[in-house]
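To keep things clear, I will list the structure first and then write my remarks on it.
Within every chain, numbering begins at 1; the chains are lettered A, B, ... in the order of the sequence lines, protein sequences first and strands thereafter.
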Number of protein chains: 2
Amino acid sequence: MSLIFSRQCEYALQGILYMAAQPHESYTNIIEISDRLGIPMPFLGKTFQLLVQAKILQSQKGPKGGFRLAKAPDEVALFHVVDAIDGTDFLTSCVLGFPECSGRNPCPMHNEWGPLRDRVYQMIAKKTIADVAREIKDSRQLRTKLGIR
Amino acid sequence: MSLIFSRQCEYALQGILYMAAQPHESYTNIIEISDRLGIPMPFLGKTFQLLVQAKILQSQKGPKGGFRLAKAPDEVALFHVVDAIDGTDFLTSCVLGFPECSGRNPCPMHNEWGPLRDRVYQMIAKKTIADVAREIKDSRQLRTKLGIR
DNA sequence: CATATATCAGACCTTTCTATCTGAAATATA
DNA sequence: TATATTTCAGATAGAAAGGTCTGATATATG
């Protein structure tokens, strides 16, 4: 395997996408979310707990409880979700795995990978939950996938 | 964790870098390579076996044996090494993990991730072992790291 | 031919990631 | 207050990746 984000991080991002399409004041429970997204429920529970600790989600126990966004949707970027689950190592670590690789001691990939990595960062740092919510509204495919309307 | 390549793939790329700096006809044994790069020797052995099967390296048993490049250095791109170890899933799989994500059914990241992923591919597909060998020659840092000259 | 040196093949161990299970704690509602 | 519903916390299980070990096989060299 390879690829940018861990599976748990993918789940977190998918879950946040789902939350972005919900009314922001009411709580959504994890049975509905995991059912709809096809994600193992207990694992998504653990994952959302991490997002609660990171103050990205709020939780409420008991009947009518569940999760909702902890902040205004335009205040949270997807980067914050990635940071809460996978951390930020990918921003600094060498793409070839050389521990001592750096700007003044670059590996053969360093000068090409740096700008690309920055653009990956920009991609998730600039896109907020509000942006995603808009895109979901504009895409019938995504709406049906997430069971909206 | 996250990041593009698996650890084994990083080892393979580092090992190929080392081979790029060696005379191409003679064999280099794995004790020297793993020592120099700080990689666990048996694991690098396994990894190089995969590169032999992929016809990127040739091996020779016995005294004076070891590994050497199986082709001319300008005929092998770093992509071939990545393909031999990690495969090419990263070229097609959705960055958010949606199985059904595609051009006509895009996830909210699809249109931004696609071009970036293509550039990652270009980066490793265009760079050959010969290119890397040149860069190593031109960098005193890399030469000392790899113990050249 | 004997020996030392190297890769090869397969089994095995360890660590990390993914996923599940259980019971406790909180809370809406009857 | 009793009950059902939900998250929470910690332990546990399973799967995959990373890493080790052993013996077999090939070969250069004395």
*Taking atom types as they are modelled, is there a donor-acceptor pair under 3.5 Å from the base of dG10(C) to the side chain of Lys46(B)?*
yes

*With a 4.0 Å cut-off on heavy atoms, is Gly66(A) in touch with a base, just the backbone sugar-phosphate, or nothing at all?*
sugar-phosphate

_Options dT18(C), dA19(C), dG19(D), nucleotide nearest the side-chain atoms of Pro40(B)_ = dG19(D)

For nucleotides 28-30 of chain C, give me every protein contact, N/O to N/O, under 3.5 Å, one pair per line with atom names.
from, atom 1, to, atom 2, distance (Å)
dA28(C), OP1, Gln60(A), NE2, 3.3

*Of the nucleotides dG18(D), dT7(D), dT20(C), which one has an atom closest to the side chain of Phe43(A)?*
dT20(C)

*Where do Tyr11(B) and Leu44(B) come nearest, in terms of heavy atoms and distance?*
O-CD1, 4.1 Å

*Among dG19(D), dC8(D), dA19(C), which is the nearest nucleotide to the side chain of Gln49(A)?*
dC8(D)

*In whole angstroms, how far is the P atom of dA9(C) from the CD1 atom of Ile30(B)?*
13 Å

_Heavy-atom closest contact (Glu10(A) atom, Cys94(B) atom, distance)_ = OE2-O, 4.4 Å

*asked:* What I'd like to find out is whether the side chain of Met109(A) reaches to under 4.5 Å of the side chain of Lys127(B), using heavy atoms alone.
replied: yes

*End-to-end bend of the helix from dC1(C)-dG30(D) to dA30(C)-dT1(D) (five-pair axes, 10° rounding)?*
0°

*Below 4.5 Å, heavy atoms only, C-beta onward: do Glu32(B) and Gln22(B) meet side chain to side chain?*
yes

_Spacing of Glu32(A) atom CD relative to dT6(D) atom C1', expressed in whole Å_ = 14 Å

_Just to be sure I understand the rule, does Phe48(B) reach a base, reach only the sugar-phosphate, or reach nothing, if contact means heavy atoms closer than 4.0 Å?_
nothing

_Can you tell me if Ser59(A) touches the phosphate of dC8(D), counting only side-chain N or O atoms and a distance under 4.0 Å to OP1 or OP2?_
yes

*Mind calculating the distance between CE (Met41(A)) and P (dT20(C)) to the nearest angstrom?*
10 Å

_Distance-minimising heavy-atom pair for Met41(A) and Ile30(A)_ = CG-CG2, 3.8 Å

*Going through the checks in order, is the side chain to side chain contact (heavy atoms under 4.5 Å, CB included) test met by Phe79(A) and Thr88(A)?*
CA-CA 9 Å; Phe79(A) 169 74; Thr88(A) 58; 3.7 Å; yes

*Which whole-number value in Å describes the distance from Ile31(B) CD1 to dT5(C) C1'?*
8 Å

*Closer than 4.0 Å, any side-chain N/O of Arg7(A) to the OP1 or OP2 of dA16(D)?*
no

*How is Tyr27(A) classified with respect to the nucleic acid when contacts are heavy atoms under 4.0 Å: base, sugar-phosphate, or nothing?*
nothing

*For Gln8(B) and dT20(D), what is the distance between atoms CD and C1' respectively, to the nearest whole Å?*
14 Å

*Taking every non-hydrogen atom, the tightest pair across Ala125(B) and Ala77(B)*: O-CB, 3.3 Å

*Figure out the CE/C1' separation between Met19(B) and dT7(C), and round it to whole Å.*
13 Å

*When the distance from CG of Asp86(A) to P of dT18(C) is rounded to whole Å, what number comes out?*
8 Å

*What closest approach, in Å, do Leu116(B) and Arg119(A) show between heavy atoms, and which atom pair accounts for it?*
CD2-CB, 3.7 Å

*In whole angstroms, how far is the C1' atom of dC21(D) from the CG atom of Leu44(B)?*
17 Å

*asked:* For residues Tyr27(A) and Ile31(A): do they belong to one hydrophobic cluster (side chain heavy atoms under 4.5 Å, members Ile, Leu, Val, Met, Phe, Trp, Tyr)?
replied: no

_Whether Tyr11(B) contacts dG18(D) is assessed here as follows: a side-chain N or O lying under 4.0 Å from the phosphate OP1 or OP2. Is that the case?_
no

*Residue pair Asp131(A) / Thr128(A), side-chain donor-acceptor N/O under 3.5 Å*: yes

